[in-house]
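Everything quoted here is computed from the prediction, not taken from an experiment.
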Amino acid sequence: MSALARLLAGRGAQVAGSDAKTGEAAAQLEAAGCRVRTGHDAANIAGASVVVWSSVIDAANPEIVAARAAGVAVAHRSHLLAQLVAEAERSVVVSGTHGKSTATAMLAAAVGHLSPSWAAGAAPVSGVNGQAGSGSTGLLIAEGDESDRSVALYRPDVAVVLNADDDHPEIFAGTADVVGTLTDFAVRARTLVACADDAGAREVVGRVRSHGGTEVVTFGECAEAIVRLLSTAPTAAGGSTVTVLDPRGVRVSWTVCSPGRPAVLGSLAAYAAGRVLGEAPQALAAGLSGFAGVRRRMQLLGAVEGVRVVDSFAHHPAAIAADIAAARELTGGRVLVAFEPCGATRVRVLGTRMGAALAAADEVVLLPVRDAVPTAAGAVSGQDIGHAAVSAGVRVHAVGGLDQAAGVLSALAGPGDVVLTMGVGEVAGLGALLLEPSARPLAAV
């Protein structure tokens, strides 16, 4: 939503908005010329010609009710983005169950010399999560969210499918259902860029090829990939040097600042999409090498007394496993994970798999389940997650909040360890608490 607001403000629209809580993103939007209010109130829509809402806003929201009563147009954010994609001279929409924000921001960086318009769900470490471009190419790069099926609304020139996994059980009936929605999205594009290493993405490719009319460019490590990963080598900073075989037979290398295979594959997706757009290999490699990462995507927050603190947005079993593996690349010591589960339905359906994935850590600190959008089924605990993790062989410390989590991690962590804070909600603030000198935790190690 903040990226869309920034895009519209950059085009000269008068943009106002509200949120239950406001923070850094609101301050950034105000600096971009938007008017932001804390709290939802019918008075906030005065003078609006369109009211745009996101999926976490329900129909009883006072601003939605007031807009409809006054005859003001009400649109879901996906319809607004679909219109912007349709109006763009050239467009790329990045989709998939995991890694969309990173790959979107990487592509924006890779073709930064074109000054594209772009919008992602998370911001780069240094910067904001979108902008209205100043270039003359008319290029729009956007993240397409599959969680509510709205990705199927977009008709980009280039569709990117990173992966397709069993996710959002409150919406989808399983992996095949996710694949179907991503196929509906991909067949509308002129070109599909997809990961040849992911089973779900390969299924999308097969269906798109059967449908016909869409060019397919694949990327990955397998021999069939058109943009093929030849090698990765660790860097001193904790990332990777990546070497690929370009479709024209040349070898191209760049650096990825973040650890882990997801970051590597995200950079391949960005490179492949950039090549489809007609950009030169070395220009794309230079843009990718200068990319400093995305907030909360294996972001190194700092270190105290030999203990590194890394923050991760992962909340799906596959992403949890991938980010713990990435943390292993940073240390020969232990990986200690503080995890905050999110979503009652997600935990009911995927909780056991979450616990099994967490067992790859050396110690797990388990926070209460966060449920931003309560369901009729009511609250749920993380008990199944904890039991599954313990059964898989890892010690679990259940805590009631961030302060308790910080205390447990303080007692556990030692020099050479990595503390990985993981999840969607309040756990995002745990790293700062651990690194705060006056807050005691890791400074006492």
Side-chain angles (χ1 to χ4, degrees), residues 1-41 44-45 47-48 50-57 61 63 75-78 80-81 84-85 94 100-112 114-135 139-145 257-258 287 290-302 311-313 372 421 423-433 435-436:
M1 289 288 279
S2 60
L4 287 174
R6 193 171 286 106
L7 277 178
L8 294 171
R11 294 179 172 208
Q14 295 182 22
V15 181
S18 62
D19 205 347
K21 296 180 181 179
T22 52
E24 182 182 5
Q28 291 172 339
L29 287 174
E30 288 176 334
C34 303
R35 187 172 71 249
V36 183
R37 296 183 176 93
T38 302
H40 301 299
D41 190 287
N44 290 343
I45 70 160
V50 180
V51 173
V52 182
W53 58 284
S54 76
S55 295
V56 297
I57 302 298
N61 180 277
E63 296 179 25
H76 188 264
R77 55 139 190 91
S78 60
L80 173 60
L81 181 56
L84 295 177
V85 170
V94 180
K100 297 182 292 293
S101 294
T102 299
T104 302
M106 282 178 163
L107 177 56
V111 298
L114 300 177
S115 187
S117 295
W118 67 282
V125 170
S126 55
V128 293
N129 63 338
Q131 66 177 17
S134 58
L139 174 61
L140 171 64
I141 300 165
E143 176 177 339
D145 181 18
C257 67
S258 303
F291 182 65
V294 174
R295 297 180 189 181
R296 305 222 59 229
R297 272 60 173 183
M298 291 305 293
Q299 179 186 0
L300 177 62
L301 299 180
D311 193 29
S312 160
F313 186 71
T421 60
V424 175
E426 293 184 354
V427 73
L430 180 56
L433 180 61
L435 293 167
E436 175 57 49

Looking at [X] and [Y], would you say the former's side chain and the latter's main chain have a donor-acceptor pair under 3.5 Å?
{"X": "T104", "Y": "V94", "answer": "no"}
{"X": "R77", "Y": "W53", "answer": "no"}
{"X": "R297", "Y": "P124", "answer": "no"}
{"X": "S117", "Y": "A132", "answer": "no"}
{"X": "N129", "Y": "A120", "answer": "yes"}

Among all residues two or more places apart in sequence or in another chain, which pass the salt bridge (charged side-chain N to carboxylate O under 4.0 Å, His left out) test with R11?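 With neighbours one apart ignored, the set is E87.
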At what distance, to the nearest 0.5 angstrom, does [atom1] of [X] lie from [atom2] of [Y]?
{"X": "L107", "Y": "E143", "atom1": "CG", "atom2": "CD", "value": "12.5 Å"}
{"X": "H40", "Y": "N61", "atom1": "NE2", "atom2": "CG", "value": "5.0 Å"}
{"X": "T421", "Y": "Q299", "atom1": "OG1", "atom2": "CD", "value": "9.0 Å"}

Please name all residues satisfying ring pair (Phe, Tyr, Trp, His ring centres under 6.0 Å) with F291, sequence neighbours left out, ordered by chain then number. none
Identify the heavy atoms of [X] and [Y] that sit nearest to each other, and give their distance.
{"X": "A142", "Y": "L81", "answer": "CB-CD1, 3.9 Å"}
{"X": "V111", "Y": "L139", "answer": "CG2-CD2, 4.1 Å"}
{"X": "P116", "Y": "A108", "answer": "CG-O, 4.2 Å"}
{"X": "V424", "Y": "R296", "answer": "O-NH1, 3.8 Å"}
{"X": "C257", "Y": "G293", "answer": "SG-N, 3.4 Å"}
{"X": "S101", "Y": "A122", "answer": "OG-N, 3.5 Å"}

Looking only at the side chains, is there a donor atom on one of E63 and S18 sitting less than 3.5 Å from an acceptor on the other?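 Side chains of E63 and S18: pair found under 3.5 Å.
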Side chain to side chain, [X] and [Y], heavy atoms closer than 4.5 Å:
{"X": "L4", "Y": "V15", "answer": "no"}
{"X": "R6", "Y": "L29", "answer": "yes"}
{"X": "M1", "Y": "D19", "answer": "no"}
{"X": "L8", "Y": "L80", "answer": "yes"}

Is it true that E24 and R295 have a side-chain N and a carboxylate O under 4.0 angstrom from each other? yes
Full working for side-chain contact (heavy atoms from CB on, under 4.5 Å) between L7 and L140: CA-CA 10 Å; L7 277 178; L140 171 64; 4.2 Å; yes
Inspect the surroundings of CD in Q14 and state if more than 12 heavy atoms from other residues, nucleotides or ligands are less than 6.0 Å away.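 Open: at most 12 neighbouring heavy atoms sit under 6.0 Å from CD of Q14.
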Kindly write out the residues that satisfy side-chain hydrogen bond (donor to acceptor under 3.5 Å, both in side chains) with S126, not counting sequence neighbours, or none if the list is empty.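 Here no residue qualifies.
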